[in-house]
Number of protein chains: 2
Amino acid sequence: MNSSIEQKTRVGVLNDYLSVDCVIFGFDFNQLNVLLVDRVMVDELTGKELFNDLTLTGNHIYEDEDLDEAAARVLFDLTGLQDIYLEQFKTFGAPDRIKRENDRAWLAANGRDPDKRIVTVGYYSLLATDKVTLEWKGRNVRWTPVAGVRDLAFDHMDIFQEALVALRKKLLREPIGFELLPEKFTLSQLQRLYEVILGVELDKRNFRKKVARMKYLVPLDEKQKGVAHKPARLYNFDRDLYELNRKELLDFAI
Amino acid sequence: MNSSIEQKTRVGVLNDYLSVDCVIFGFDFNQLNVLLVDRVMVDELTGKELFNDLTLTGNHIYEDEDLDEAAARVLFDLTGLQDIYLEQFKTFGAPDRIKRENDRAWLAANGRDPDKRIVTVGYYSLLATDKVTLEWKGRNVRWTPVAGVRDLAFDHMDIFQEALVALRKKLLREPIGFELLPEKFTLSQLQRLYEVILGVELDKRNFRKKVARMKYLVPLDEKQKGVAHKPARLYNFDRDLYELNRKELLDFAI
DNA sequence: GCAAAAGTGTTAGGATTACACCCATGT
DNA sequence: ACATGGGTGTAATCCTAACACTTTTGC
């Protein structure tokens, strides 16, 4: 879409036993969401709906494709965006990770052998909740608040939960939140981001005292415009300064 | 060996494209070591040594085996021990991760197709430097101080370096060090452990002040015996107490 | 002028750092 | 008696937590 790098066109052969699954977190200053897609199976003869549930997004990988590339491809298919924050967090490969009847039926109907183990490499990703298509592989896509996720297909509930833990741990130690903010942001936005993703409340004055110590959060000579209240000062995150001063972490351990 | 659980005898079929690699760290109060095995290849005709370098330990996994099981099996083969601390940290699957001539020759000589991508799930493990056999799959096994590791085969140098970073991060946040200490240990031993694994120096008085706050480090009414200096008080780590009081981490962020 | 969010300071308690000497034991 | 590591306290600085009111803007 608005990226300068061309996405490679894949012509290779897909690896049937190896996939990536992406837990895509979306943030909108109100809540943390995860991207789920509908999985509807209908009886071919009667046309009756057999089941209707939800999965994460994922895909098998091409033989000539790196794992990170495969995950980025899933994201690109969904959003048209490249260079989105993406982190590998765990690989899932229990021989019986697909055993429920619905899951086996779904695989069989999609031309796969339900008795063959599929190992899947889990990634999580973080983006702003806008910028996403509403369809993927012909299936409906929906944002779901993380607190309301239940009954996912396959072992996707496990994958989702581990991803959420990994994301929160990462946010406590590394400056990944800036992926979700505009170039210039206010301190209230930054605070809200931590509150929403970590699921906590923070004190405004203490929060500001803390970030004031972080030299890589640079106050600009610029304010919000057109807001119906006192306009806030804008800041930006200086990644170079951060890499230099890297001892002082965003240490939000609670 | 001294374990109550029987190790399953494997009769299944090995998966050729999927392996685990174990970065086995060994601690001995003097330094942190990593377990490496010699890889020697000789020309079948001339008997001349073609190359002689080092690899990590790893293995392909059985079709009916979970990833964690496969890693535990590698460890069992090396040590005869079960229930050793083992952590999955990253999966490596670049299509060109095996491209050097030595590596391709080695694979070919071992009945594998060097052009077929092998995805490997990386684990690290932590144990005391004794308790290890000197041979594995007919190859020599050696402990090497982590500072002196270089020129490993395949992409094992990358795997090793990422494992070391992951181990250190983990030690900063979770009580994994106790895996390496006897049931009853002294505070100097505990301090030494952190110093050796993290590669830092810590102040004795400050260290003790810090651990005094951790209620789950319980001082015993017992002292060292037979040492040529003032005998130290023994402590033990109460995991139940730890799980309860779990906010106060062993927060050794430097 | 009202609603809405921005912005600001103090105090008390706890944690961190830097630093040096005496103690109990085996040989 | 000596070598070896065990064990202890203080002061300065910094960080954390709790807590409430004034300011600036758009409408």
Side-chain angles (χ1 to χ4, degrees), chain A residues 28-31 171-173 181-182 184-196 198-236 245-254, chain B residues 28-31 172-173 181-182 184-196 198 200-236 245-254:
Chain A
D28 63 7
F29 291 107
N30 276 312
Q31 53 195 355
L171 184 66
L172 289 172
R173 306 273 141 226
L181 296 174
K184 303 169 178 180
F185 51 85
T186 71
L187 293 186
S188 293
Q189 288 174 322
L190 185 62
Q191 179 179 341
R192 188 91 186 110
L193 188 153
Y194 280 88
E195 290 180 331
V196 165
L198 299 176
V200 296
E201 290 217 335
L202 301 171
D203 178 87
K204 182 160 62 159
R205 280 178 284 192
N206 293 338
F207 181 87
R208 282 161 188 252
K209 242 177 293 172
K210 184 160 201 160
V211 302
R213 264 176 266 125
M214 304 174 180
K215 311 290 170 46
Y216 41 86
L217 278 179
V218 275
L220 305 174
D221 285 327
E222 207 176 331
K223 308 214 152 177
Q224 276 183 313
K225 274 181 188 138
V227 288
H229 55 75
K230 179 170 173 177
R233 156 161 268 134
L234 296 173
Y235 287 73
N236 82 69
N245 297 19
R246 214 176 184 312
K247 46 203 134 208
E248 25 180 357
L249 322 164
L250 273 168
D251 188 356
F252 277 94
I254 315 276
Chain B
D28 63 7
F29 290 107
N30 277 312
Q31 54 195 354
L172 289 172
R173 306 273 142 226
L181 295 174
K184 302 168 180 180
F185 51 86
T186 71
L187 293 187
S188 293
Q189 288 174 321
L190 184 63
Q191 180 180 339
R192 188 93 186 108
L193 187 153
Y194 279 88
E195 291 180 331
V196 165
L198 299 177
V200 297
E201 290 218 332
L202 301 171
D203 178 87
K204 182 159 64 160
R205 280 178 286 192
N206 294 338
F207 181 87
R208 281 158 190 251
K209 241 177 291 169
K210 184 160 201 160
V211 302
R213 265 176 265 126
M214 304 174 179
K215 311 293 170 44
Y216 40 86
L217 278 180
V218 274
L220 305 174
D221 285 329
E222 208 175 330
K223 307 212 155 177
Q224 275 183 314
K225 275 181 188 139
V227 286
H229 54 75
K230 179 170 172 178
R233 158 161 266 134
L234 296 173
Y235 287 73
N236 81 68
N245 296 20
R246 214 175 184 312
K247 48 205 133 204
E248 22 180 359
L249 323 164
L250 273 169
D251 189 355
F252 276 95
I254 314 278

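Just the heavy atoms: all of them, side chains too, but no hydrogens, waters or symmetry mates, feed the values below. Small disclaimer: the values here were computed from a predicted structure and weren't measured. Lettering of chains follows the sequences in order, A, B, ..., and the numbering in each one begins at 1.
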Next item on the list: Could you tell me the separation between the CG atom of B:L234 and the C1' atom of D:dG7, rounded to a whole number of Å?
Entry: 14 Å
Next item on the list: Indicate for each nucleotide in nucleotides 19-27 of chain C, in 5' to 3' sequence, whether protein heavy atoms under 4.0 Å reach the base (B), only the sugar-phosphate (S), or nothing (-).
Entry: BB--BBBS-
Next item on the list: Could you tell me the separation between the CZ atom of A:R208 and the P atom of D:dT16, rounded to a whole number of Å?
Entry: 17 Å
Check: To the nearest angstrom, how far is B:E201 atom CD from C:dT17 atom P?
Finding: 14 Å
Next item on the list: Can you tell me the distance, in whole Å, between the CG atom of A:L202 and the C1' atom of D:dA18?
Entry: 14 Å
Check: Between B:L220 and B:K184, what is the shortest heavy-atom contact and its length?
Finding: CD1-CG, 3.6 Å
Check: If you take all heavy atoms of A:Q31 and A:V196, which pair is closest and at what distance?
Finding: C-CG1, 3.3 Å
In a table with atom names and distances, give each donor-acceptor pair under 3.5 Å that connects a side chain of residues 200-207 of chain A to protein atoms at least two apart or in another chain.
| unit_1 | atom_1 | unit_2 | atom_2 | d |
| --- | --- | --- | --- | --- |
| A:D203 | OD2 | A:R205 | N | 3.1 |
| A:D203 | OD2 | A:N206 | N | 2.8 |
| A:D203 | OD2 | A:N206 | ND2 | 3.4 |
| A:N206 | OD1 | A:K209 | NZ | 3.1 |

Check: For the residue pair A:R233 and A:P219, what are the closest heavy atoms and their distance?
Finding: CD-CB, 3.8 Å
Next item on the list: Round to the nearest Å and state the distance from A:Q191 atom CD to C:dT8 atom C1'.
Entry: 14 Å
Next item on the list: Measure from CZ on A:R233 to C1' on D:dT25 and round the result to the nearest Å.
Entry: 16 Å
Note to self: Quick one, B:L181 and B:F29 - any side-chain contact, counting heavy atoms below 4.5 Å?
What the structure shows: yes
Next item on the list: Would you please confirm or rule out a distance under 4.0 Å between OP1 or OP2 of D:dG5 and any side-chain N or O of B:S188?
Entry: no
Item checked: Whole-Å gap separating C1' (C:dG7) and CD (A:Q224) -> 12 Å
Next item on the list: To the nearest Å, give me how far apart CZ (B:F207) and C1' (D:dG5) are.
Entry: 15 Å
Next item on the list: Identify the heavy atoms of B:P231 and B:Q224 that sit nearest to each other, and give their distance.
Entry: CB-O, 3.2 Å
